[in-house]
J.: 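Would you mind keeping the following structure in view while I ask a few things?
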Amino acid sequence: ADQQVWVLHVDAVVLECGGNLYDTVCAAVFAALHNTTLPKVTVTGGEGEPMELEISDDPYDCEPVDISHLPVLITLNKVGNCYVVDTTLEEESCCDARLMVAVDCKGQVCFSRKSGPGGMEAQMAYDMLEKSKSMGQSLITALQTSLGKSNSQGGHAGMGASSNLVGFLG
């Protein structure tokens with residue numbers, strides 16, 4: 001069956017990096033998508049007829065983006081025989097290797113990548129993956145809780161919601 005989807009592109013501008021860049025940008029994108037709404041779309045036609053999309057032009061007729069399966073990144077940095085999470089730039093410069101893991105709300109690994117000049121033993125890689133699963137779930141829960149509190153205090157940026165927040169442009 002034919003299916004239509006939205007394609008969203010995210011541009012992130014990093015003004016300063018104190019370390020742990022990918023995890024931080026991922027959390028910011030998670031929050032941004034939590035507050036993103038898209039116009040409602042009605043599909044007509046099908047079954048031999050050409051399919052047509054009708055996109056609502058009413059700015060209040062929109063739906064939130066479903067981020068229920070959106071993963072977060074957890075980066076674990078190997079230093080000697082230990083690993084460290086949420087490193088500063090100075091700490092990152094001491095790392096032998098790095099394991100970046102994307103984890104969803106169910107604790108499932110969606111992506112993993114090892115980088116850096118050093119190697120790691122299989123048991124340490126396994127331990128790091130297991131730790132990233134629990135940390136990813138905890139981070140998603142904390143983000144959802146924090147974003148939920150923001151919404152209940154009028155901080156949702158959707159077109160249909162009233163907001164007491166004012167941006168730097170007025």
Side-chain angles (χ1 to χ4, degrees), residues 1-41 43 53 55 62-152 155-159:
D2 292 329
Q3 190 175 8
Q4 281 64 41
V5 296
W6 287 99
V7 176
L8 302 175
H9 295 270
V10 177
D11 292 324
V13 177
V14 178
L15 301 177
E16 181 181 336
C17 179
N20 204 22
L21 178 66
Y22 294 112
D23 299 11
T24 305
V25 169
C26 183
V29 169
F30 190 99
L33 290 175
H34 177 270
N35 286 333
T36 300
T37 56
L38 299 172
K40 283 192 180 173
V41 178
V43 180
L53 301 178
I55 301 174
C62 52
E63 298 174 337
V65 173
D66 178 15
I67 62 165
S68 60
H69 301 289
L70 189 66
V72 294
L73 284 178
I74 303 293
T75 303
L76 301 108
N77 299 276
K78 179 181 178 272
V79 181
N81 293 326
C82 302
Y83 56 90
V84 183
V85 182
D86 196 19
T87 54
T88 64
L89 276 178
E90 294 81 17
E91 292 168 335
E92 284 180 3
S93 68
C94 300
C95 296
D96 304 323
R98 178 174 296 111
L99 185 64
M100 186 183 333
V101 183
V103 180
D104 68 10
C105 62
K106 295 178 183 174
Q108 297 175 331
V109 174
C110 306
F111 164 85
S112 66
R113 178 176 179 232
K114 185 262 178 201
S115 62
M120 65 179 68
E121 295 157 3
Q123 185 60 48
M124 178 173 262
Y126 177 79
D127 293 344
M128 292 168 80
L129 275 173
E130 290 302 308
K131 186 65 173 178
S132 68
K133 289 179 186 181
S134 64
M135 292 187 69
Q137 286 181 293
S138 296
L139 178 58
I140 289 172
T141 300
L143 284 168
Q144 290 172 335
T145 301
S146 178
L147 293 167
K149 287 180 183 175
S150 173
N151 285 350
S152 67
H156 190 280
M159 293 292 288

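FYI, the numbering just counts along the sequence from 1. Quick caveat, the model's predicted, so the values are computed rather than measured.
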J.: Which heavy atom in V79 sits nearest to a heavy atom in C95, and how many Å separate them?
T.: CG2-SG, 3.9 Å
J.: Between M120 and L99, which heavy-atom pair has the shortest distance, and what is it?
T.: CE-CB, 4.4 Å
J.: Write down the atom of S68, the atom of D66, and the distance for their closest heavy-atom approach.
T.: OG-OD1, 2.7 Å
J.: Are the side chain of S146 and the backbone of L143 linked by a donor-acceptor contact shorter than 3.5 Å?
T.: no
J.: Checking L139 against D23 for the side-chain contact (heavy atoms from CB on, under 4.5 Å) test, could you report, in this order, the C-alpha distance in whole Å, the side-chain angles of both residues, the deciding distance, and whether it holds?
T.: CA-CA 10 Å; L139 178 58; D23 299 11; over 6 Å; no
J.: Around atom NZ of K114, are there more than 12 heavy atoms from other residues, nucleotides or ligands closer than 6.0 Å?
T.: yes
J.: Please report the interatomic distance CG(L147) to CD1(I67), rounded to the nearest 0.5 Å.
T.: 7.0 Å
J.: If I compare all heavy atoms of Y83 with all of D127, which pair ends up nearest, and what's the gap?
T.: OH-O, 3.8 Å
J.: Quick check for you: to the nearest 0.5 Å, what is the distance between C26 atom SG and L21 atom CG?
T.: 11.0 Å
J.: Rounded to the nearest 0.5 Å, what's the gap from NZ on K106 to NZ on K133? Could you check?
T.: 14.0 Å
J.: When rounded to the nearest 0.5 angstrom, what is the spacing between CG in D86 and OG1 in T24?
T.: 6.5 Å
J.: Identify the two heavy atoms, one from C105 and one from I140, that lie closest to each other, and give their separation to 0.1 Å.
T.: N-CD1, 3.4 Å
J.: Just verifying a value: how many Å separate L76 CG and E130 CD, rounded to the nearest 0.5 Å?
T.: 11.5 Å
J.: Does D96 reach the main-chain N or O of G80 with its side chain, forming a donor-acceptor pair under 3.5 Å?
T.: yes
J.: For residues L70 and V65, determine if any side-chain heavy atom of one lies less than 4.5 Å from a side-chain heavy atom of the other.
T.: no
J.: Could you pull out the closest heavy-atom pair between V101 and S132, with the gap in Å?
T.: CG1-OG, 3.4 Å
J.: Check whether any side-chain N or O of N77 sits under 3.5 Å from a backbone N or O of E92 as a donor-acceptor pair, and report yes or no.
T.: no
J.: Could you tell me whether a side-chain N or O of S138 sits under 3.5 Å from a main-chain N or O of S134, the two making a donor and an acceptor?
T.: yes
J.: What distance do M128 atom CE and M135 atom CE have between them, rounded to the nearest 0.5 Å?
T.: 11.0 Å
